[in-house]
Every structure is written in C-alpha cells, then in structure tokens.
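The structure appears below as structure tokens.
Just so you know, ligand 1 is whichever comes first in the structure, and atom 1 is the first atom listed for that ligand. Nothing here was measured: the structure is a model prediction, and the numbers come from that model.
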Amino acid sequence: MVAGPQLSVDLTAVARNTALLAARTHGELMAVVKADGFGHGALDVARTALAHGATRLGVTSLAEAWPLREAGLVAPVLSWLNPVDADFAAATAQDVEVAVPSAAHLGAVVAAPGRTRIHLHVDAGMARDGAEPAAWPELCRVARRAELCGAVEVVGVMGHLGCADDPADACNSLGRNRFAWAVEVARGAGLRPRQRHLAATAATLTDPRTHHTMSRIGAGLVGIDPSRTTSLAPAMTLTAPLVQIRRVRGGTSVGYGHAHRTGGSTYLGLVPLGYADGLPRVASDRAEVLVRGTRRPVVGRISMDQLVVDLGSCGAEAGEPVTVFGPGTAGEPTVAEWAGWAGTIEHEIVTGLGARVARRTVAVPHLRSLA
Ligand SMILES: *Cc1c(COP(=O)(O)O)cnc(C)c1O
C-alpha cells in the first residue's frame, strides 16, 4: 500500500492495443519501447506486446537495447538514432540490429567486429533522421559491397512519415513515394531487404499502403492514436491523496504569484504532485482532477511539488485519493485532456512523468508468471 502519489500501469490495456494493431496490418508488428516504453515501463510493455502479437522490438539508442537483452528477451531488437562512435561491436555481440542513416555510420558498423544486421534508413521527407535521397544510391551501393564481404547483412529498409497523424496531408504521398523509390534503388543495388517498414501507429491505422512488411508501433501500444480514428485503451492512471484541506473565504489568493483568487468561500485541497512529477505548469488554472466522482478545478499555479484543487462543497476529506488522469471511464480526466490543457500531445505527458511517483503494474493474468 502506497500512501503518496501512485501511477498505475494497466498492462491488459497494452495487451488489447497490441492485439488490435496486429490485426490491422498484414505485416509484422515491431513494439517500439523507447523512452521506457513511452513512460509505461519498457520491459513490461515489451513482454506484454510480444505475448499479444508483436514479433520484434524497437528502441532509439543502443543504451535502451541492452536492458531488453539483460532481461532475457530474445526477440529481434532494432536500434536507430546512434552516433557514429556508438558501440556497434556490442550491438552485434548482443544480437541487436542497427539502423544506418549515413555512409559514416555504415563505415563505423563495417569497422566493428562481427557481421551486423542493419536496416538502411532513408529520410522519407522530414529532414530529420535518415539518409537524404541524394546520398541514398551510394549508401545502397556501399552497403551491398559490405554485405558481399560479410561485414553486414542488410535485413531492412526503413523510413518514417512526418504527417501521418493527418492522413489528408500531401506530405504522406510524398513520403510513400520516396520510400517506394528507396526500396527500388536498394533492390537495384543488389540488396534484398526482407523488412521494409515505414508506418508507425497513425499510418498503420489509416493507410494500408504504408504497411509493407512491418509496422513500428509505439504510441498505439499505450493507447495513444495520433490520427484520432481508433479507440485504443489508455493504460495509465495517476492518483494522489489530498494531504491537507482548508476552508477559505472568497477573495483568497492561491499559490505563487497569487495567480488565482477564490470566487466565494470554498475548500481548497492540497495534492502532492507538481511539475517535477510531470504535470505541466502551463496547465495551471485550466486542469481538472476527479474528487469523489466529480471534476474539480486545479487553481493557481502548479508548483514543483504540489498543486491546489478547489474542492467547492464536494465534502472530500484529507487522505482521500484524487484521480489526476486515467482512462476516463469513471469521469476522470484523460491524458489527452491534460495534453490539451498544456497545449501539447499525449506522448509528452506520458513520457514526462517524474521518477519519484511510485509505480504499480496491473499484470495481464496469464502473463503474471513472467513478471
Ligand atoms: C517513435 C518512433 C516510432 C513509433 O511511432 P508511434 O507513432 O509512437 O507509433 C516509429 N518509428 C520511429 C523512427 C520512431 O522514432
């Protein structure tokens, strides 16, 4: 029993989301568990996803890959976004596949001992990660030569879409076409990449033309659909006890900068969660929490460690829990609402929760033995 704030992660939601997404594509499903599984626990999300339809795992840096192997997971793991001096020898030794976005990266991978499995990464139009089109044909040629010498095995070609959350955006067809071109160029260079992957959550849910042989799914596993077309199950519930309650008169100034003044006499409740725990300060005076089954407003500035709720006449007592967010099924705010109050996306809320919040996991019944 935890007395303070508690984040509960419902892995049955992750299981349901994985099964739904796996059923939406004919290709394989890579569970992207970067950023600690979008804040939900990388190992928990990885195990749950692998048991419900995912066949592979994806992370950004190699540092995120090691714990998956240390935990004994044997599924293929792909790491993208590494500097050229990353430990590619260790990647090969740990059987971790790496994305190669440039000739310099390819050179570093070739120089490392062992035969590394690589995915050539093309920039499908974001000017972000991946090789520019001008550099792609040469990257494919050099990769083919490295393959013939046994230094690498090119198992995949990958790209990423910049506007998939809006299926109507013309940027999507540009991305699809550039990816198709990149695969053709790779084949023309003699490469035979078995994995060709472009889609993340939004494209997987909205555009089968992006599916190819695999989807890389992160947000969707934890209940976030950036395209807002599909109802997925949010997995997080954040609660905290009211540590103190006070009765105040109308006109009472609340918190730093006296940014709020009570309208009439009311009860104020103190909740021990603040921006250090990941509740955005910019949501001050907009956010709500659920107290005794009703929505109550957060008043005044959200501080580093605490926030104040106007309890009105709801009768709540010190020690009672309030729900900051959850799936929304009991009337509590959702992560999507918090994102709206903060002018951001759900991803930023779930990945930004602080380390001092106690965590608890609700296991999928038949997976409990694996936990
Ligand atoms: C994070 C990430 C994904 C997963 O995207 P979601 O929209 O969260 O499913 C896929 N591919 C790359 C390259 C990523 O960085």
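- On a distance-only criterion, Trp80 and ligand 1 share at least one N/O pair closer than 3.5 Å.
- Of all protein heavy atoms, the one closest to atom 9 (O) of ligand 1 is Thr201 OG1, 2.5 Å.
- The number of heavy-atom neighbours closer than 6.0 Å to CZ of Arg295, taken from other residues, nucleotides and ligands shown, is above 12.
- Residue-level proximity to ligand 1 for His347 is absent, since no heavy atom of it falls below 4.0 angstrom.
- Environment of CZ in Arg246: sparse, with no more than 12 heavy atoms of neighbouring residues, nucleotides or ligands closer than 6.0 Å.
- Around atom CZ of Arg192, more than 12 heavy atoms belonging to other residues, nucleotides or ligands sit under 6.0 Å away.
- Among protein heavy atoms, the minimum distance from atom 11 (N) of ligand 1 is reached at Arg216 NE, 2.9 Å.
- The closest protein non-hydrogen atom to atom 5 (O) of ligand 1 is Ala200 CB, 3.3 Å.
- Side-chain contact between Val222 and Met236 is absent, with no heavy-atom pair separated by less than 4.5 Å.
- Counting protein heavy atoms only, atom 1 (C) of ligand 1 is closest to Lys34 NZ, 1.4 Å.
- Judged by distance alone, the side chains of Gln6 and Thr239 never bring a donor and an acceptor atom under 3.5 Å apart.
- Of all atoms in ligand 1, numbered sequentially from 1 with element shown, those under 4.0 Å from a heavy atom of Ala219 are 6 (P), 8 (O), 9 (O).
- Against a heavy-atom cut-off of under 4.0 Å, Ile217 is close to the following atoms of ligand 1: 9 (O).
- Within 6.0 Å of atom CD in Gln94, more than 12 heavy atoms from other residues, nucleotides or ligands are found, so the atom counts as buried in its surroundings.
- Ring geometry, Trp338 versus Phe325: the interplanar angle exceeds 60°, so the pair is classed perpendicular (tilted spans 30 to 60°).
- Close approach of ligand 1 to Phe38 (heavy-atom distance below 4.0 Å) involves ligand atoms 8 (O).
- Only the side chain of His160 comes within 4.0 Å of ligand 1, counting heavy atoms alone; its backbone N, CA, C and O stay farther away.
- Considering both main-chain and side-chain atoms, Gly218 comes within under 3.5 Å of ligand 1 through a nitrogen or oxygen pair.
- Contact record, Thr334 with Pro327: CG2-O, 3.7 Å, taken as the closest heavy-atom pair.
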